[in-house]
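These notes are about the structure you will find just below.
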Amino acid sequence: MRSLLLFLLVAYLGLAAAEDGLAAWLRYAPVPNGKHLRENIPSVIVSLNATEGLPVYTAAQELVDGIDGLYGKKVKIHKGKGNKPKKSIVVGTVDAYTENDGNVKGIPELSADGYYIKITKGNVLILGQNERGALYGTFQYLERLAIGEISDTAITSNPDAPIRWVNQWDNLRDGGTHGSVERGYGGDSIFFWDGVVREDLNRAAQYARLLASIGINAVVVNNVNANETILTEQNMDGLARIADEFRPYGVQLGLSLNFASPQLLGGLDTFDPLDESVIDWWQGITNDLYQRIPDMAGYLVKANSEGQAGPLTYNRTLADGANLFAHALKPHGGIIMFRAFVYDHRTLDQDVDWKADRANAAVEFFDGLDSDFEDNVVIQIKNGPIDFQVREPVSPLFAHLSQTGSAVELQVTQEYLGQQAHVVYLAPMWKEVLDFDLRVGGEDSVVSDIVSGRRFNNELGGYAGVVNVGHNTTWLGSHLAMSNLFAYGKLAWDPSVDTTEILQTWTKLTFSHDKKVIDVITKISEKSWPAYEDYSGNLGIQTLTDILLGHYGPNPGSQDGNPWGQWTRADADTIGMDRTVWNGTGNTGQYPEEVYQVYENIETTPDNLLLWFHHVPYTQVLKSGKTVIQHFYDAHYRGSATAQTFVSLWESLKGRIDKERYEHVLFRLVYQAGHSLVWRDSVNNFYFNKSSIPDEAGRVGNHPYRIEAEDLELDGYEPYLVSPFEAASGSYCIVTADNSTEGTASTKLDVKTGVYNVAVNYFDQALGNSTWTLFLDDRKIGEWKGDLEYILGRAPSPYIDGQTAARVTFKNVRVKSGSTLRIVGVPDGKEPAPLDYISILPEGIID
């Protein structure tokens with residue numbers, strides 16, 4: 001009701017409503033000087049083979065809306081029978097064009113989903129090999145119009161790979177109440193609520209529209225950690241309704257399955273993939289699904305990983321498990337995507353076995369099975385051997401499957417990479433993976449050629465993106481994060497495309513044609529991955545996040561001494577995994593000979609993967625001439641310093657971007673700038689403490705502008721030793737003595753009179769909404785609330801740690817020498833208004 005009243009008020013006042021991000025890059029905002037160009041655009045659309053509810057019909061409607069929005073021109077639809085107007089946009093399939101006496105001479109051969117666009121003297125021809133291809137061509141034509149390109153041209157475009165899927169990790173239930181999204185930071189599921197498919201699926205249709213515009217052809221709608229109740233009669237009926245929403249956009253529905261469903265749901269006493277009763281049960285379920293959804297894409301299965309059931313339970317092979325579903329799907333033309341993310345975390349013990357290595361698991365589990373899989377099985381392989389880290393080598397499994405199709409799994413949702421609270425443009429990382437040459441058999445074996453099927457002549461293969469949109473109007477929780485979804489679709493269609501070009505096209509479509517806007521967003525985005533790598537984990541050490549909890553904040557110590565296998569093996573003198581054949585886990589030996597030779601030798605291993613493959617002293621000298629430990633110190637300071645620049649860069653766009661999106665992005669960039677300092681200090685302090693080697697520049701542990709909260713005069717507050725120790729400056733913070741009484745922390749400032757920025761580091765737990773107020777003498781400087789768990793979207797945490805550490809800065813504060821600084825913290829719920837430190841910063845100084 002509140003949002004409706006706000007809308008009515010805005011309408012009444014005649015103000016332009018701010019953009020909320022829901023339309024993403026399909027805003028169809030007016031093109032600069034569009035009114036002067038619109039006469040070059042035909043006024044009539046000829047829609048061939050246009051059945052309502054199918055992609056060609058959708059294409060015609062999209063052209064009407066798009067041309068009107070972009071150029072303010074009303075166009076009409078001509079149904080394709082009778083005389084065709086002289087100047088028109090013709091859209092349809094090649095077959096339909098032929099049937100309507102179209103001249104197909106000169107039209108190149110198209111593969112499935114491919115399209116052809118020809119613009120000549122005011123006439124536009126958009127043809128698809130199938131209806132979906134016609135829609136893709138339409139979106140590409142509208143994209144050209146949206147960036148102001150209306151010149152004559154001829155474009156032939158075929159997808160690089162047949163599989164271009166999205167995986168959604170949506171849950172049917174969360175605590176028994178509603179649908180959450182695992183590793184999703186943009187709100188609740190758009191598909192499920194309270195254990196069943198939602199009644200209102202409008203957002204599902206909007207999602208399909210976005211995906212179709214970037215060439216995505218299927219969505220697996222539920223979590224790979226699947227709940228068996230997805231296969232109840234009620235939910236299968238609901239899935240059919242989702243498929244109905246997808247179908248106008250040519251997007252097919254896929255489904256994740258729980259391998260043990262025959263036992264958990266079907267009442268059988270087994271889920272053995274070779275048991276006839278299990279085979280019959282799955283065939284019956286598959287038939288029931290295809291009766292409801294004739295164009296269902298197929299299944300996705302995660303088996304025998306992280307406690308999930310699978311064929312190994314019965315001493316069957318992974319091929320036996322995959323083929324169970326392949327046989328059920330084959331009569332319907334469906335595909336089984338079988339995840340290579342297979343490892344048993346309960347058997348990993350780094351403390352007793354130097355050879356233990358989760359990175360080896362995929363190749364070990366799939367070794368010798370290549371020829372055993374049915375031809376509708378595709379092995380879905382994460383881009384790296386571990387788990388979507390800030391940097392990993394390419395998974396060696398891509399080099400081991402020549403007879404079986406493979407798909408690269410890329411994570412659009414930033415699980416380990418800032419969870420959309422930190423901007424990280426991921427396309428350059430993906431491009432490095434796709435361009436990597438594995439040199440299988442000593443021949444060119446680029447990853448993109450392997451997954452497309454070209455390298456080994458496989459008919460199936462492609463891309464699976466873990467996206468995890470939610471009900472938030474920004475879809476992913478952040479406006480800037482949507483560049484990653486756009487880029488994923490573009491690279492899945494054509495992995496040769498330039499990632500800067502993708503980014504700048506997305507910026508024009510999403511924000512503005514303004515050159516300054518494009519330049520600033522390009523600069524922030526292209527610096528974002530290197531900066532995040534610098535201040536989180538570099539030299540191949542992985543993302544030094546808390547892997548036991550939220551996968552978000554810094555906690556380098558959590559990497560070791562656990563069964564999850566994301567180890568650094570850091571001690572007082574050395575660091576890094578030894579994955580060599582001669583002395584380590586043997587992981588390098590899983591790569592083809594030429595790549596093995598590079599990674600086995602410490603001299604030829606790139607520095608950015610050194611600690612992935614080699615265990616070395618902190619004093620090991622890199623190719624740069626720096627030691628490992630000094631590189632750590634310098635990189636973390638460099639990365640966090642880069643993150644500070646994002647704020648001022650974005651502020652330069654004030655007035656050039658609508659207020660709602662401007663302020664939304666600014667809030668997150670300010671937060672990121674503060675949290676990057678938490679990352680910097682946490683990691684540097686951890687390794688300084690472990691190695692006892694000081695920073696040559698004298699920065700680590702030296703903060704001349706910082707006042708530790710535990711050193712203040714406390715009333716109602718008391719010191720608290722933080723765990724892990726490095727998550728707090730000086731290892732301690734202060735918390736209120738009880739959860740019902742406010743605390744006061746104060747001190748007299750020994751600074752020169754002047755203008756300063758006053759920064760306060762605090763902890764915002766997901767246990768309540770404490771309030772803090774900052775005073776100088778009796779003057780109130782500002783007040784803030786501990787409510788980031790509702791605003792940021794990142795995984796909430798109840799702990800005082802690197803995940804909940806946050807920073808607020810009050811700029812241009814007039815401070816008198818000898819003034820009393822006082823902070824009053826009011827606890828709320830179980831959150832005790834924790835404070836870490838205060839910094840009194842001269843202009844231009846970052847603590």
Side-chain angles (χ1 to χ4, degrees), residues 19-32 62 66 69-70 136 138-149 157 164 166 186 206-207 209-216 410-414 417-418 420 422-431 434 463 465 467 469 472-529 646 649-650 653 656-658 660-662 664-665 668-669:
E19 295 194 54
D20 60 10
L22 188 60
W25 54 83
L26 295 180
R27 299 157 58 233
Y28 296 145
V31 173
E62 203 70 36
L70 294 168
Y136 294 160
T138 296
F139 277 120
Q140 182 59 39
Y141 171 66
L142 287 169
E143 182 178 302
R144 286 176 57 83
L145 293 184
I147 62 176
E149 181 57 70
S157 188
R164 304 176 307 282
V166 156
Q206 292 172 312
Y207 188 34
R209 176 174 175 255
L210 287 178
L211 295 178
S213 74
I214 52 174
I216 302 301
L410 304 171
Q411 194 173 46
V412 176
T413 190
Q414 297 166 223
L417 306 183
Q420 279 88 277
H422 292 234
V423 59
V424 183
Y425 181 50
L426 297 172
M429 177 202 291
W430 300 335
K431 193 73 163 62
L434 297 174
Y463 297 78
V467 178
V469 300
N472 190 304
T473 60
T474 65
W475 294 99
L476 288 172
S478 160
H479 294 291
L480 293 185
M482 287 294 279
S483 63
N484 290 324
L485 177 54
F486 186 82
Y488 166 70
K490 293 295 186 179
L491 286 171
W493 185 275
D494 179 4
S496 71
V497 70
D498 179 74
T499 58
T500 300
E501 180 184 332
I502 293 173
L503 176 64
Q504 294 185 339
T505 298
W506 172 82
T507 302
K508 284 184 180 180
L509 300 176
T510 302
F511 286 105
S512 174
H513 286 238
D514 185 328
K515 186 177 185 301
K516 184 172 179 63
V517 172
I518 295 167
D519 289 346
V520 165
I521 291 178
T522 300
K523 191 170 186 177
I524 291 173
S525 299
E526 295 199 324
K527 287 185 174 183
S528 62
W529 176 41
F646 294 166
L649 281 167
W650 187 260
L653 300 183
R656 295 173 183 265
I657 292 173
D658 60 281
E660 181 172 340
R661 292 190 296 169
Y662 171 81
H664 184 276
V665 172
R668 286 169 177 272
L669 292 177

Quick check: do [X] and [Y] have side-chain heavy atoms less than 4.5 Å from each other?
| X | Y | answer |
| --- | --- | --- |
| Tyr662 | His479 | no |
| Ile521 | Trp650 | yes |
| Ile502 | Val497 | yes |

If I take atom [atom1] from residue [X] and atom [atom2] from residue [Y], how far apart are they, to the nearest 0.5 angstrom?
| X | Y | atom1 | atom2 | value |
| --- | --- | --- | --- | --- |
| Leu426 | Asn484 | CG | CG | 4.0 Å |
| Leu669 | His664 | CG | NE2 | 10.5 Å |
| Tyr28 | Leu142 | OH | CG | 4.5 Å |

Can you sort out the partners of Lys490 under salt bridge (charged side-chain N to carboxylate O under 4.0 Å, His left out), two or more places apart, ordered by chain and number?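 Lys490 satisfies salt bridge (charged side-chain N to carboxylate O under 4.0 Å, His left out) with Glu143 only.
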Not counting sequence neighbours, which residues clear salt bridge (charged side-chain N to carboxylate O under 4.0 Å, His left out) with Arg661? List them please.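 For Arg661 the salt bridge (charged side-chain N to carboxylate O under 4.0 Å, His left out) partners, ignoring immediate neighbours, are Glu19, Asp658.
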Excluding sequence neighbours, so at least two apart, what forms side chain to side chain donor-acceptor pair (under 3.5 Å) with [X]?
| X | result |
| --- | --- |
| Trp506 | Thr510 |
| Arg144 | none |
| Gln411 | Glu415 |
| Asp494 | Ser496 |

Can you name the side-chain contact (heavy atoms from CB on, under 4.5 Å) partners of [X], sequence neighbours left out?
| X | value |
| --- | --- |
| Lys516 | Asp514, Val520, Ser652, Leu653, Arg656 |
| Ala481 | Gln414, Gln420, Leu476, Ser478 |
| Pro428 | Tyr425, Thr499, Trp529 |

Side-chain H-bond candidate by donor/acceptor type, Glu62 with Tyr141, under 3.5 Å: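 The criterion, which ignores hydrogens and geometry beyond distance, is not satisfied for Tyr141 and Glu62.
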Excluding sequence neighbours, so at least two apart, what forms ring-ring contact (aromatic ring centres under 6.0 Å, His included) with Tyr207?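 Per chain and number, Tyr207 pairs via ring-ring contact (aromatic ring centres under 6.0 Å, His included) with Trp475.
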My understanding is that only residues two or more places apart in sequence, or in another chain, count here; which of them pass ring-ring contact (aromatic ring centres under 6.0 Å, His included) with Trp493?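 Per chain and number, Trp493 pairs via ring-ring contact (aromatic ring centres under 6.0 Å, His included) with Tyr115, Tyr136.
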Walk me through it: do Phe511 and Arg27 pass the test side chain to side chain contact (heavy atoms under 4.5 Å, CB included)? CA-CA 9 Å; Phe511 286 105; Arg27 299 157 58 233; 5.6 Å; no
Criterion side-chain contact (heavy atoms from CB on, under 4.5 Å) against Asp20, the qualifying member of Asn472, Thr474, Thr473: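 Result: among Asn472, Thr474, Thr473, Thr473 is the only option passing the side-chain contact (heavy atoms from CB on, under 4.5 Å) with Asp20.
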Using every non-hydrogen atom in the two residues, find where [X] and [Y] come nearest and quote the distance to one decimal.
| X | Y | value |
| --- | --- | --- |
| Ser213 | Trp25 | OG-NE1, 2.8 Å |
| Arg164 | Tyr488 | C-OH, 4.4 Å |
| Ser525 | Leu503 | CB-CD2, 3.5 Å |
| Leu70 | Ala29 | CD2-O, 3.3 Å |
| Val423 | Ser528 | O-CB, 3.2 Å |
| Leu485 | Val412 | N-CG1, 3.8 Å |

Show, in sequence, the C-alpha distance, side-chain angles and deciding distance for His422 and Leu417, and conclude whether the side chain to side chain contact (heavy atoms under 4.5 Å, CB included) test is met. CA-CA 7 Å; His422 292 234; Leu417 306 183; over 6 Å; no
Where the side chain of [X] meets the backbone of [Y], is there a donor-acceptor pair that is under 3.5 Å apart?
| X | Y | result |
| --- | --- | --- |
| Arg668 | Gly477 | yes |
| Tyr463 | Ala492 | no |
| His513 | Ala146 | yes |

With side chain to side chain contact (heavy atoms under 4.5 Å, CB included) as the test, would you mind laying out the steps for Met429 and Val424 before giving the verdict? CA-CA 10 Å; Met429 177 202 291; Val424 183; 5.8 Å; no
Which pairs pass salt bridge (Lys or Arg N to Asp or Glu O under 4.0 Å) with one or both residues in residues 495-505, sequence neighbours excluded?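 Output for this query is empty, none listed.
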